[in-house]
Amino acid sequence: MVEAGTTAGAALAEAGLGEQQPGEHAVIAARVNGQLRDLACPVEAGDVVEPVEIGSADGRAILRHSTAHVLAQAVQDINPQAKLGIGPPVEAGFYYDFDVDQPFEPDALKAIEARMRQIVKQGQRFSRRVVSEGEARSELAGEPYKLELIGLKGGTVSADDDESVEVGGSELTIYDNLNPGTGEVIWKDLCRGPHLPTTRFIPAFKLMRSGGAYWRGSEKNPQLQRIYGTAWESRSLQDEYLAMLAEAERRDHRKLGAELDLFSFPTEIGSGLPVFHPKGGIIRRVMEDYSRRRHEEAGYQFVNTPHITKGELFERSGHLGFYKESMFSPMDIDGVDYYAKPMNCPMHVLIYSSRGRSYRELPLRLFEFGTVYRYEKSGVVHGLTRARGFTQDDSHIFCSPEQLAPELASLLDFVVGLLRDFGLTDFEAELSTRPEKYVGTPEEWAEAEAALKSALDKSGLPYTVAEGEGAFYAPKIDVHVKDAIGRRWQLSTLQVDFQEPGRFGIEYQAADGTRQRPYMIHRALFGSIERFFGILLEHYAGAFPPWLAPVQVVGIPIADAHVPYLDKVASLLRERGIRVEVDASDDRMQKKIRSAQRQKVPYMLIAGDEDIAADAVSFRYRDGTQKNGVSIEQAIDEIVTAVRERVQV
RNA sequence: GCCGCCUUAGCUCAGUCGGUUAGAGCGACGCACUCGUAAUGCGUAGGUCAUCGGUUCGAUUCCGAUAGGCGGCUCCA
């Protein structure tokens with residue numbers, strides 16, 4: 001509670017709430033009656049004023065937003081012709097869009113960054129000024145995009161849009177950047193604010209990259225040039241962030257895939273169409289085998305369907321109506337259009353309807369590793385995570401209405417259990433509910449959403465609700481995982497479908513003799529095998545746990561004479577199902593260790609005279625530790641157990 | 001699909017302001033060495049400088065198109 005006639009900053013200072021000096025813990029803004037405000041904002045008697053530290057979520061957003069202004073000023077300094085788009089804070093940074101004649105080149109970013117450092121050093125003051133629409137229009141006459149935003153104000157711009165940082169408040173405001181000595185206006189921008197007190201409050205920032213971006217996010221609009229940057233409350237936190245990015249680059253599955261000889265994308269085959277090499281093939285086969293076994297145990301029945309089909313099938317399912325753009329062009333077979341399938345579900349529905357079905361058969365769970373082809377636009381193809389041909393671990397479950405809730409609950413349990421077995425531990429779910437455009441009745445939706453929600457509640461998974469984000473035919477649960485370096489990936493999806501059973505007119509005969517329409521649940525667990533493979537590869541940085549490692553053991557002889565002994569150990573391991581190689585090349589032993597280490601082989605078994613004399617081997621693990629003189633029997637047991645238990649070592 | 005950048009040996013990368021024999025390291029192969037926990041030495045092979053077209057006396061180098069890749073945007077049923 002404060003007195004009248006002062007500012008938020010002064011009120012906080014008087015109350016001894018935080019340091020208003022540049023630095024890692026600086027108070028850089030205030031929350032006045034719950035609203036974020038500049039420290040220079042006047043306050044009234046009775047207002048509740050709270051400090052906003054630069055390191056808080058709000059504080060970082062303000063820091064990054066202010067840094068975006070510094071970027072824009074620097075760009076216009078260097079190129080006065082540049083027109084301003086928008087410049088909001090985003091996750092871990094900020095961007096600013098510009099309309100420029102020449103796109104930015106890497107060297108240009110360096111020059112802009114240098115100019116930004118000068119501006120930061122100068123300590124320009126951010127000063128807020130309320131303007132009328134007419135004033136704003138005349139002051140910003142040279143900024144066509146800003147004028148467009150002014151025209152939109154109160155129209156389509158919602159508080160969630162990036163554009164709201166320019167015009168999101170209840171009144172139009174311009175922020176002037178003032179010379180700290182003379183008070184002269186150096187630069188100005190239409191902006192909602194709030195901002196840092198001065199540019200000196202920016203402790204660390206860096207420009208990251210540039211690229212094209214459609215004005216207001218629509219490909220119908222002209223393309224602007226966007227510059228991305230990041231900013232942090234301290235140099236060390238920025239360094240940490242940059243180190244995380246470097247680590248992500250080190251783990252890039254496209255890079256590891258080539259280094260470890262797992263898969264490739266031959267140009268001759270086509271963009272987005274991977275081939276798996278023997279080592280990648282082993283990992284993939286182990287993944288599939290394990291998944292297959294678990295599905296069998298859970299009561300799934302395995303089916304197989306072809307890769308191409310008459311267009312009629314996808315007309316009936318609705319895909320050709322809604323998703324034709326994402327399908328490969330048809331091929332003409334005897335005068336009929338055939339398509340590569342983008343989804344497996346219509347074929348599974350046909351298996352269901354191949355004969356009459358009884359309620360006694362439900363829930364009927366059909367499962368297939370079904371390869372699908374989707375025409376992804378050329379600019380979006382990305383390694384294994386966004387391919388044009390990939391294999392879904394796809395399942396469709398047909399059940400009666402009363403089976404829906406329990407089936408969903410056990411499905412969710414099954415999904416998470418299997419993901420855990422692959423070493424993922426951090427899950428989050430998202431429930432997407434009825435969108436504006438939907439099919440079916442509100443009652444059906446409410447029932448399905450309630451079933452999904454109760455499944456989530458039972459699972460104990462943390463989840464968020466995404467209102468209106470469901471597919472037009474179904475609400476859904478998406479399961480997200482966090483990987484070893486904290487990145488979130490969307491994997492599994494569960495959808496309750498009202499649409500397709502009706503389109504195909506499928507039925508079952510109920511206990512009372514009536515014909516009923518089953519519910520259908522779509523469920524992909526890995527999503528796509530390829531994508532999941534890529535995610536696991538990055539999660540483990542290529543160092544797969546023994547059960548998944550393509551080569552589980554490498555035998556390394558001290559000298560050639562020890563090769564036969566290791567061959568004998570290897571054949572014992574092979575009998576136990578272990579994938580083992582003996583390195584009989586004429587490299588020196590140190591080199592062999594280095595090679596095995598670089599291939600991220602979980603176990604190196606080394607043998608020389610001492611080991612042979614003791615009927616033993618010596619372990620070297622991936623972390624460089626060693627265990628010498630282990631009896632052959634114990635060594636085999638240790639390895640076999642680790643593989644069976646699916647532990648990481 | 002759109003904007004920008006890139007493509008030289010299996011991989012990572014030098015290099016050529018347009019000039020005749022395009023280099024290195026790693027990897028592969030061969031020979032010697034027979035070694036106790038992350039690179040032994042020597043040698044050999046390997047390139048239509050992505051593809052096609054243009055400019056030029058001459059193009060890996062400059063220009064254009066195509067393919068593929070990378071970073072963004074849009075998209076991701």
Side-chain angles (χ1 to χ4, degrees), chain A residues 95 97 100 102-109 208-228 249 252 254-255 258-259 261 264-273 314 317-327 342-343 345 372 374-383 385-388 390 392 470-474 476 490 493 495 497 499-500 522 524 527-528 531 556-563 585-599 604-611 618-622 624-629:
Chain A
Y95 66 80
D97 289 342
V100 282
Q102 293 295 317
F104 301 105
E105 284 167 16
D107 285 347
L109 289 192
M208 304 300 288
R209 53 174 52 103
S210 63
Y214 297 112
W215 168 237
R216 304 193 60 228
S218 167
E219 49 189 335
K220 294 189 187 82
N221 288 337
Q223 204 156 45
L224 307 181
Q225 292 300 316
R226 175 172 297 180
I227 296 178
Y228 279 96
E249 204 176 316
D252 190 315
R254 294 165 299 184
K255 201 174 149 195
E259 277 172 15
D261 194 15
S264 61
F265 294 86
T267 334
E268 295 85 341
I269 294 179
S271 179
L273 298 168
F314 285 109
S317 69
H319 291 103
L320 272 174
F322 288 93
Y323 305 116
K324 189 167 185 178
E325 280 174 17
S326 303
M327 291 170 65
M343 296 189 100
C345 41
V372 297
R374 298 180 183 180
Y375 173 72
E376 301 286 359
K377 291 185 196 168
S378 60
V380 309
V381 170
H382 182 94
T385 51
R386 196 80 181 271
R388 283 178 169 170
F390 56 92
Q392 293 183 303
F472 72 94
Y473 57 87
K476 60 174 181 173
Q490 189 202 311
T493 170
Q495 305 178 351
D497 188 345
Q499 175 81 341
E500 237 169 330
H522 299 251
S528 104
R531 186 177 134 84
I556 296 178
I558 300 289
D560 284 351
H562 309 120
V563 169
S585 69
D586 65 356
D587 287 332
R588 294 173 75 214
M589 169 225 165
Q590 286 83 345
K591 180 62 180 300
K592 293 179 181 181
I593 288 170
R594 182 178 153 89
S595 304
Q597 192 83 39
R598 281 161 56 108
Q599 285 297 304
M604 290 174 228
L605 289 186
I606 297 170
D609 290 337
E610 292 167 30
D611 298 284
S618 295
F619 275 93
R620 182 191 160 98
Y621 302 95
R622 279 191 292 225
T625 58
Q626 46 180 301
K627 192 156 75 182
N628 298 329

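Residue numbering restarts at 1 for every chain, and letters A, B, ... go by the order of the sequence lines.
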(request) Find the partner of B:rA28: check Watson-Crick (N1-N3 plus N6-O4 or O6-N4) and G-U wobble (N1-O2, O6-N3) distances, both under 3.5 Å, and reply none if neither fits. (result) B:rU44
(request) With P as the reference atom in both, quote the distance from B:rG64 to B:rG25 in angstrom, rounded to an integer. (result) 36 Å
(message) Between A:Y323 and B:rC76, is there a contact of a side-chain N or O with OP1 or OP2 at under 4.0 Å?
(response) no
(message) Using the P atom as the point on both nucleotides, what is the distance between B:rG27 and B:rG15, in whole Å?
(response) 24 Å
(message) If I pick the C1' atom on B:rC49 and the same atom on B:rU61, what distance separates them, to the nearest angstrom?
(response) 9 Å
(message) Can you measure A:R386 atom CZ to B:rC75 atom C1' for me and round it to whole angstrom units?
(response) 6 Å
(message) Any salt bridge linking A:R226 with A:D97? Criterion: basic side-chain nitrogen under 4.0 Å from a carboxylate oxygen.
(response) yes
(request) May I ask you to decide if the ring planes of A:H319 and A:Y323 are parallel, tilted or perpendicular, using 30° and 60° as cut-offs? (result) tilted
(request) Hunt down the Watson-Crick or G-U wobble partner of B:rC5, both distances under 3.5 Å, from any strand shown, or write none. (result) B:rG69
(message) Between B:rC63 and B:rU21, how many Å separate the two P atoms, rounded to a whole number?
(response) 25 Å
(message) Out of the candidates A:H382, A:R388, A:R386, only one should pair with A:E376 under the side chain to side chain donor-acceptor pair (under 3.5 Å) rule; please name it.
(response) A:R386
(message) Distance to the ring centre below 6.0 angstrom and angle to the axis at most 45 degrees; does that hold for A:R209 and A:Y228?
(response) no
(request) Could you give the distance separating B:rU8 and B:rC52 at their P atoms, to the nearest angstrom? (result) 16 Å
(request) Determine the interatomic distance between P on B:rA50 and the same-named atom on B:rU12; round to the nearest Å. (result) 14 Å
(request) Could you let me know what B:rU56 is paired to, Watson-Crick or G-U wobble, both distances under 3.5 Å, or none if it's on its own? (result) none
(message) Check this for me: does the side-chain of A:Y375 come within 3.5 Å of the base of B:rG1 through a donor and an acceptor?
(response) no
(message) Tell me which nucleotide, if any, is Watson-Crick or G-U wobble paired with B:rA22 when both distances must be under 3.5 Å.
(response) none
